[in-house]
Chemist: 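Would you mind keeping the following structure in view while I ask a few things?
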There are 2 protein chains.
Amino acid sequence: MEINLSVTEENYIKAIYHLQQADGNVSTNEVAKELATKPASVTDMLKKLKQKKILNYEKYQGFRLSNDGRRIALGIVRKHRLWEYFLVEKLQFGWDEVHEVAEELEHISSKKLIDKLDAFLEYPKFDPHGDPIPDVNGKMAAQPQINLTDLPVNQLAAVSSVGIQSTELLELLKHKNIAIGTKLEVKKKFAFDNSLEIKIKGQNAFTISQQLAQALFVKMV
Amino acid sequence: MEINLSVTEENYIKAIYHLQQADGNVSTNEVAKELATKPASVTDMLKKLKQKKILNYEKYQGFRLSNDGRRIALGIVRKHRLWEYFLVEKLQFGWDEVHEVAEELEHISSKKLIDKLDAFLEYPKFDPHGDPIPDVNGKMAAQPQINLTDLPVNQLAAVSSVGIQSTELLELLKHKNIAIGTKLEVKKKFAFDNSLEIKIKGQNAFTISQQLAQALFVKMV
DNA sequence: AAATAATTTTAGACAAATCTAAAATTATTT
DNA sequence: AAATAATTTTAGATTTGTCTAAAATTATTT
Ligand SMILES: [Mn+2]
Ligand SMILES: [Mn+2]
Ligand SMILES: [Mn+2]
Ligand SMILES: [Mn+2]
């Protein structure tokens, strides 16, 4: 039951999970790119994870996580996001500084630790980037969120998450006075450069670039 | 400046630090025993740490940590003990459950993380076992503590730390109503079995075994 | 001072995770 | 349907950390 996984194996499992969530199917090359390694190394690991029944894999035929694999991946995601929440809410880290540290903390193996941390944090539902945190059973809040570029004009919505976690994005968001939870409407869409005119209650309307809009996800309210 | 150390290297450095603190000098065999590995593996690592200037080592002539080595060791001890404090004080772990988890957490590399954790915990001076926590500069509170077996009769003292961190010891201490901070006196020493008669204020005197007394350290008050 | 014992080191092997270069397979063009 | 391109896999090497067995050194007895 209790399989022991190396940090490397866990990183592969999580990367495959995220890629197949986004894409449906995953390729050797994509995994290599995501983990900054070589396709040959990925193939080696695919064989190993198949061996451990974490992956359904037939060579040249593609691969997907097994049920066990998905369960393991959700456990790692849970740890990653709970630690990020802890770092921001309790240790006063910035939003943009937590990912790398969480990348290490997610591999601490104690189940008891993570469940006690969850309780200490009072069972948060979303991490600081707006991504849902799986609970102890791997269930997480559905996120009926859409990209800001797809929000209909004059539809009030709240910023729910960001697609990128860079310091540069955070800097821009601070300057524009946008944070997770900020309520806004799109007033106009400009076809020339796909920029958007945005209105936040009590402020003057202003324009944001296509790049920025694509990095923001919102929930309609 | 920023040397990258593997978890394995860090565990060796910390083990050597503790052994040379206790003993003055350390042997290959002792390190092997401490880390549950073989002397041949230790020799391999000694060469590697000498290479990295963490260790002063000449074959067959023994070894000691260099200044750099001691600085690194203190950093690891700092992380270990701060995490133990966090686990007990914030996450409600028991005293006897934290060591293994801290053994993993001590290898999380972020300096910022540990300094922010220190601040969050309000700069604790001692870990849950009574061991001093090095500050950001590696300085820690002196511990003028002695073993309970060496405490003079009728000398009031406070329990300051334990030499062993087992669940079994904790169970016995709970039953005897002794915790870190408990004030007590030795009333009698029995030569036959080296048991001690102990008095805690407001309680009847009782006897503790040599084994228990050896596991307890006290500060005179 | 020899002999014996204990400790420490070397030699050689192995597993995990990685890489480069080449081969095999699948996909896309022409 | 060939040719070409892209992807994926294999073959063989390398690094890290480990091991066992044997050799070298140091310590202790006799
Ligand atoms: Mn993250
Ligand atoms: Mn990671
Ligand atoms: Mn400990
Ligand atoms: Mn450790």
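Note on naming: letters A, B, ... go to the chains in the order of the sequence lines (proteins, then strands), and numbering restarts at 1 for each one.
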Chemist: OP1 or OP2 of C:dT20 less than 4.0 angstrom from a side-chain nitrogen or oxygen of A:Lys38, does that happen here?
Modeler: yes
Chemist: Taking the six-membered ring of A:Tyr85, is NZ or CZ of A:Lys125 closer than 6.0 Å to its centre and within 45° of its axis?
Modeler: no
Chemist: A:Glu10 CD to C:dA16 C1': how many Å, rounded?
Modeler: 16 Å
Chemist: State, yes or no, whether a side-chain contact exists between B:His129 and B:Val98 at a heavy-atom distance under 4.5 Å.
Modeler: yes
Chemist: Quick one, A:Lys189 and A:Val153 - any side-chain contact, counting heavy atoms below 4.5 Å?
Modeler: yes
Chemist: Below the 4.0 Å mark, does C:dC19 have OP1 or OP2 next to a side-chain nitrogen or oxygen of A:Thr37?
Modeler: yes
Chemist: Take nucleotides 2-10 of chain D nucleotide by nucleotide from the 5' end and write B, S or -, depending on whether a protein heavy atom sits under 4.0 Å from the base, only from the sugar-phosphate, or from neither.
Modeler: -----SBBB
Chemist: With a 3.5 Å cut-off and no angle check, do the side chains of B:Ser27 and B:Asn29 form a donor-acceptor pair?
Modeler: no
Chemist: Return yes when atom CD of B:Glu171 has more than 12 non-hydrogen atoms of other residues, nucleotides or ligands closer than 6.0 Å, and no otherwise.
Modeler: no
Chemist: Give the dot-bracket string for DNA chain C, reading 5' to 3', where a pair is Watson-Crick or G-U wobble with both distances under 3.5 Å, ( ) marks pairs inside the strand, [ ] marks pairs crossing earlier ones, | marks a partner on another strand, and . marks unpaired.
Modeler: ||||||||||||||||||||||||||||||
Chemist: Would you mind reading off the distance between B:Asn11 atom CG and D:dT16 atom P, rounded to a whole angstrom?
Modeler: 17 Å
Chemist: Should the heavy atoms of other residues, nucleotides or ligands under 6.0 Å from CD of A:Glu100 be counted, would the total exceed 12?
Modeler: no
Chemist: On the six-membered ring of A:Phe86, is B:Lys90 placed so that its NZ or CZ lies under 6.0 angstrom from the centre and within 45° of the ring axis?
Modeler: no
Chemist: May I have the distance from B:Met45 (atom CE) to D:dT15 (atom C1'), rounded to whole angstrom?
Modeler: 13 Å
Chemist: For a 4.5 angstrom cut-off between non-hydrogen side-chain atoms, does B:Leu196 reach B:Leu212?
Modeler: no
